[in-house]
> 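Structure incoming, see below.
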Amino acid sequence: MGSSQKKQYIFGGIIAAAVLVMLVAVFVLLSRTNIKDISMNPSPDMGWEYELITGSEARPASPELIDEFTVSFPGETCRAVKATRTINEQIDGAQLGVYLYDAVCGVDILLGGEMLYTSFEGAPRDEAGFVVTDGLAPASSETTEFFLPDDYLGKDLTVITYFPAETDQIIPVFPYMTSVDASFAITSVENVPPVAGATLCAILAFLTALVYVLDISNGKPDKKVLLLTLFYFMLTIQQAFSSLAGSYSIFTDKLNMLDFICELYMAPLLMFAAFSLTSWRRWILASATGAWFVYDFIRLIRYRIMYGPFFAQASAPIILILYALAAAFAIVEIKLKKKKHPTKSDLVYAGIAIIAIISRIIIKSAEWGGNIGVYMQQVLVEPLVGYFYPLMLFVSYVCAVTVTSAVIIEFVKRTLRTRELINVLSEQNRYAMESYKRIAASEEATYAARHEMRHHMVVLSGMLQEGDTDKAREYAAALTDEYDELPKGRYSKNTMVNIIAGTYLERAKSLGVETEYSLNLPETLPIADTDLCVFITNMFENALNACEKVDASEKRYIKTTMYIKGNYLFISCANSAHYPEAEARKSRTHGYGLENMKRIAEKYGGVVKIDRDNTSFSVKSGFYMKFDV
């Protein structure tokens, strides 16, 4: 690959990365609404005034702010808290909402002194109008929303929070303002991440399947890639189930039995990791993954029957242990390979993993208003109290992005190498045919020269009769030099084989290489001249090059046979050689020549068998021929 082409690929990679960043930015922005609820939290700037209700009396009090959403009254006891403020916020179609938790009995909400909402319809009240809380049970956790009148702006809002009994755990409830548009906006944008995730996973499932199919055409399919396809297919279903579109479409009704199965979407990813390992490490990780899958499959079926799909989550701690096991085995294999320094590919994949970590933090933090701290608390702190699911999702995301990127990068590398190989093979084909044409022209010249031999002999005879021996000697020497360059005999009845074999074998003899040959072929063969030319040219070229590398003091030889048996053409060539296997692997031209020979043999239903060591090399092949009867 030339430097100009490398620059083009780098430029293309930069463009692709920029597009990816822009797409992520678009989806992040789409997942954040510009119409929000207004939280009437107890922060000082909200202007709440508080009274504690003991018996039928209300007395002013100043709370202690715990956080932006919570206040308490340490050292105080009461049965209710009355909080009042003026509504200055304006929203079209305004609604008021309140969340009740199980530490309170309920609330009264008044606007301008008029009852707007109460949790105690028909409950007894005292002379001051407060609910009698004796015997009241705590409320169930629920959210209630109701419309505000059109003239609410500027009126006093009063929220009275009642507790089950006189208590010193005084944490009142605070409302929030919303609207139909805000509710719709929040619901809509919250649906963006799962729909975008499902779409992206569907695309990746298709791409990984396409990589496998294209690798089949290249003759080197990697079945592990199908595990990634399954992983993304299952993740697509899982993301669709978690989306609003999935909840309100027939998708859920038709595929409701897949929800708990696709919750185990990490299994194909872990199996991919297992089959990327070698030796006993592969089977330990694969067996452990299979055991976890069976265990969780049975457990999730049981949970689904008892509680419904809402509670169906995979066993995050076990999955994290499997990820850790895969990482440990990968480190062991790296150590066994005895790499002193990381390769460029290692650095690229490490960079991709870092990018995956950063992108995950940014994307998920957007769900919390861009608050990275809140999300990282979920990932890093919640496992300390036994909740591992966010950490498991985080690790799964990073692993999936890194592995998928590695698969695509390696596929691109293979494709580029294949293109380079095709270019080299095409050039070799062209060179072989041009060589054949030159050799054929040479043989024609040989036949013409031999035809003219009688005339040369007449000339020499005349010179000798005249006694001009010096001139006759010079004339004979010139003829000798000219004829030394021409083939000395006939090697095969087949013209093409005769020309090519004769040229290379005579070159070998001139280098002191012993030659043995038996080329028993008919004049015509049912094989394309270009294919036969390329095959035997590469075969002899490789043999002669190998012999040239052998020291002249050692035995150097080329032995070749070609014959027909039944419907098969058999070709073999053995030669001396002197190169280590590592050097042979580095010889790209030699490798491409063999690839060309293999390609031609496969075209005719044959194979190429190669035997090689440090001192010899042999190649054997058989072609299926359809001879005319």
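What you see is a predicted model, and the numbers here were worked out from it, not measured in a lab.
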> If you compare all heavy atoms of Thr289 against all heavy atoms of Ala267, which two are closest, and at what distance to 0.1 Å?
CG2-O, 3.9 Å
> Take Ile87 and Met177, measure what side-chain contact (heavy atoms from CB on, under 4.5 Å) needs, and give me the verdict at the end.
CA-CA 10 Å; Ile87 302 181; Met177 286 184 67; 4.1 Å; yes
> Side chains of Val98 and Thr143: does their closest heavy-atom pair fall under 4.5 Å?
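The answer is no, as the side chains (C-beta and beyond) never meet within the 4.5 Å cut-off.
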> Side chain of Trp283, backbone of Ala274: donor and acceptor closer than 3.5 Å?
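Absent.
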> Heavy atoms only: give me the nearest Glu51-Ala58 pair and the separation to one decimal.
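Heavy atoms only, the tightest pair is OE2-CB, 3.8 Å.
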> Do Tyr389 and Ile319 come within less than 4.5 Å of each other through their side chains, counting heavy atoms only?
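In short, these two side chains do not touch, never coming nearer than 4.5 Å.
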> Hey, is Glu76 close enough to Arg59 for a salt bridge, meaning N to O under 4.0 Å?
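Between Arg59 and Glu76 there is a salt bridge, with a charged N closer than 4.0 Å to a carboxylate O.
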> Please step through salt bridge (Lys or Arg N to Asp or Glu O under 4.0 Å) for the pair Asp108 and Arg125, ending with a clear verdict.
CA-CA 12 Å; Asp108 282 340; Arg125 296 178 178 269; 2.8 Å; yes
> Could you go through the side-chain contact (heavy atoms from CB on, under 4.5 Å) check for Ile409 and Ile352 one step at a time?
CA-CA 11 Å; Ile409 289 173; Ile352 290 172; 3.6 Å; yes
> Phe233 and side chain to side chain contact (heavy atoms under 4.5 Å, CB included): which partner among Thr236, Thr229, Ile237?
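So, applying the side chain to side chain contact (heavy atoms under 4.5 Å, CB included) to Phe233 and each of Thr236, Thr229, Ile237, only Ile237 qualifies.
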> Going through the checks in order, is the side-chain contact (heavy atoms from CB on, under 4.5 Å) test met by Ile109 and Phe146?
CA-CA 11 Å; Ile109 298 179; Phe146 46 87; 3.7 Å; yes
> Is Gln377 atom CD crowded by more than 12 heavy atoms from other residues, nucleotides or ligands, each under 6.0 Å away?
no
> Is there side-chain contact between Lys155 and Thr86, with heavy atoms separated by less than 4.5 Å?
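Result no, sub-4.5 Å side-chain heavy-atom pair not found.
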> Is the backbone of Ala205 close enough, under 3.5 Å, to the side chain of Thr208 for a donor and an acceptor to pair up by distance?
yes
> CG of Leu228 to OG1 of Thr404: how many Å apart, nearest 0.5 Å?
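Going from CG on Leu228 over to OG1 on Thr404, the span is 5.0 Å.
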> Measure the shortest side-chain to side-chain distance between Tyr101 and Val173 over non-hydrogen atoms and say whether it is less than 4.5 angstrom.
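They are in contact (side-chain heavy atoms under 4.5 Å apart), so the answer is yes.
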> What are the two closest heavy atoms between Phe272 and Lys224, and how far apart are they?
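The pair with the smallest heavy-atom distance is CD1-O, 3.2 Å.
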> Closer than 3.5 angstrom, by distance alone: can the side chain of Thr402 be matched with the main-chain N or O of Cys399 as a donor-acceptor pair?
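No; judged by distance alone, with no hydrogens or angles, the pair does not exist.
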> For Phe388, give me all partners under ring-ring contact (aromatic ring centres under 6.0 Å, His included), at least two apart in sequence or on another chain.
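With neighbours one apart ignored, the set is empty.
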> Would you say Arg360's side chain and Val398's backbone share a donor-acceptor pair under 3.5 angstrom?
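No: the side chain of Arg360 does not pair with the backbone of Val398.
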> So, Ser315 versus Asp296: side-chain donor-acceptor pair below 3.5 Å or not?
yes
> What heavy-atom pair brings Tyr162 and Val131 nearest, and what distance separates the two atoms?
OH-N, 3.2 Å
> Count the heavy atoms of every other residue, nucleotide or ligand shown that sit under 6.0 Å from CZ of Phe206, and state whether that count exceeds 12.
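Open.
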> First locate atom CD1 of Ile160, then atom CZ of Phe120, and finally report the distance between them rounded to the nearest 0.5 Å.
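The CZ atom of Phe120 is 10.0 Å from CD1 of Ile160, to the nearest 0.5 Å.
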> Would you give the length of the straight line joining atom CG of Leu210 to atom CZ of Phe411, rounded to the nearest 0.5 angstrom?
6.5 Å
> When you look at CD of Glu142, are more than 12 heavy atoms from neighbouring residues, nucleotides or ligands closer to it than 6.0 Å?
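For Glu142, atom CD is crowded (more than 12 foreign heavy atoms under 6.0 Å).
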> Just wondering, are more than 12 heavy atoms of other shown residues or ligands nearer than 6.0 Å to CD in Glu382?
yes
> Below 4.5 Å, heavy atoms only, C-beta onward: do Ser141 and Tyr99 meet side chain to side chain?
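SC-SC contact between Ser141 and Tyr99 confirmed.
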> Under a 4.5 Å cut-off applied to non-hydrogen side-chain atoms, are Phe293 and Leu270 in contact?
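No, too far: nothing below the 4.5 Å cut-off.
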> For the CD1 atom of Ile38 and the CE atom of Met46, what is their distance to the nearest 0.5 Å?
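Taking CD1 in Ile38 and CE in Met46, the distance rounds to 7.5 Å.
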> Do Phe130 and Arg79 make a side-chain contact, defined as non-hydrogen atoms from C-beta onward lying under 4.5 Å apart?
yes
> Report yes or no: do Glu145 and Tyr176 form a side-chain donor-acceptor pair below 3.5 Å?
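Judged by distance alone, the side chains do pair up.
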> Does a donor on one side chain sit under 3.5 Å from an acceptor on the other, for Tyr265 and Ser396?
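No.
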> Mark yes when over 12 heavy atoms from residues, nucleotides or ligands other than Asp151 sit less than 6.0 Å from its CG; otherwise mark no.
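Correct, the count exceeds 12.
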> Against the six-membered ring of Phe329, is Arg281 placed for a cation-pi contact (under 6.0 Å from the centre, within 45° of the normal)?
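No, Arg281 does not lie over the aromatic ring of Phe329.
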> Over all heavy atoms of both residues, which pair between Leu285 and Leu322 is shortest? Give the atoms and the distance, please.
CD1-O, 3.9 Å
> For a quick test of reading the model, state the closest non-hydrogen atom pair linking Ile91 to Thr178 and the distance between them.
CG2-O, 4.3 Å
> Given Leu52 and Phe73, is the side-chain contact (heavy atoms from CB on, under 4.5 Å) satisfied, shown in steps?
CA-CA 9 Å; Leu52 299 183; Phe73 297 83; 4.0 Å; yes
> Quick one: pull up OG1 in Thr415 and CG in Leu214 and give me the separation to the nearest 0.5 Å.
7.0 Å
> So, does Thr161 use its side chain to make a donor-acceptor pair with the main chain of Val107 at under 3.5 Å?
no
> At what distance, to the nearest 0.5 angstrom, does CG of Asp134 lie from CG of Leu136?
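If we round to the nearest 0.5 Å, Asp134:CG and Leu136:CG are 8.0 Å apart.
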> Can a donor-acceptor pair be found, under 3.5 Å and without considering hydrogens, that links the side chain of Glu333 to the backbone of Leu277?
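Not a single qualifying donor-acceptor pair exists.
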> Do the non-hydrogen side-chain atoms of Tyr323 and Leu269 ever get within less than 4.5 Å of each other?
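The answer is yes; the side chains approach within 4.5 Å.
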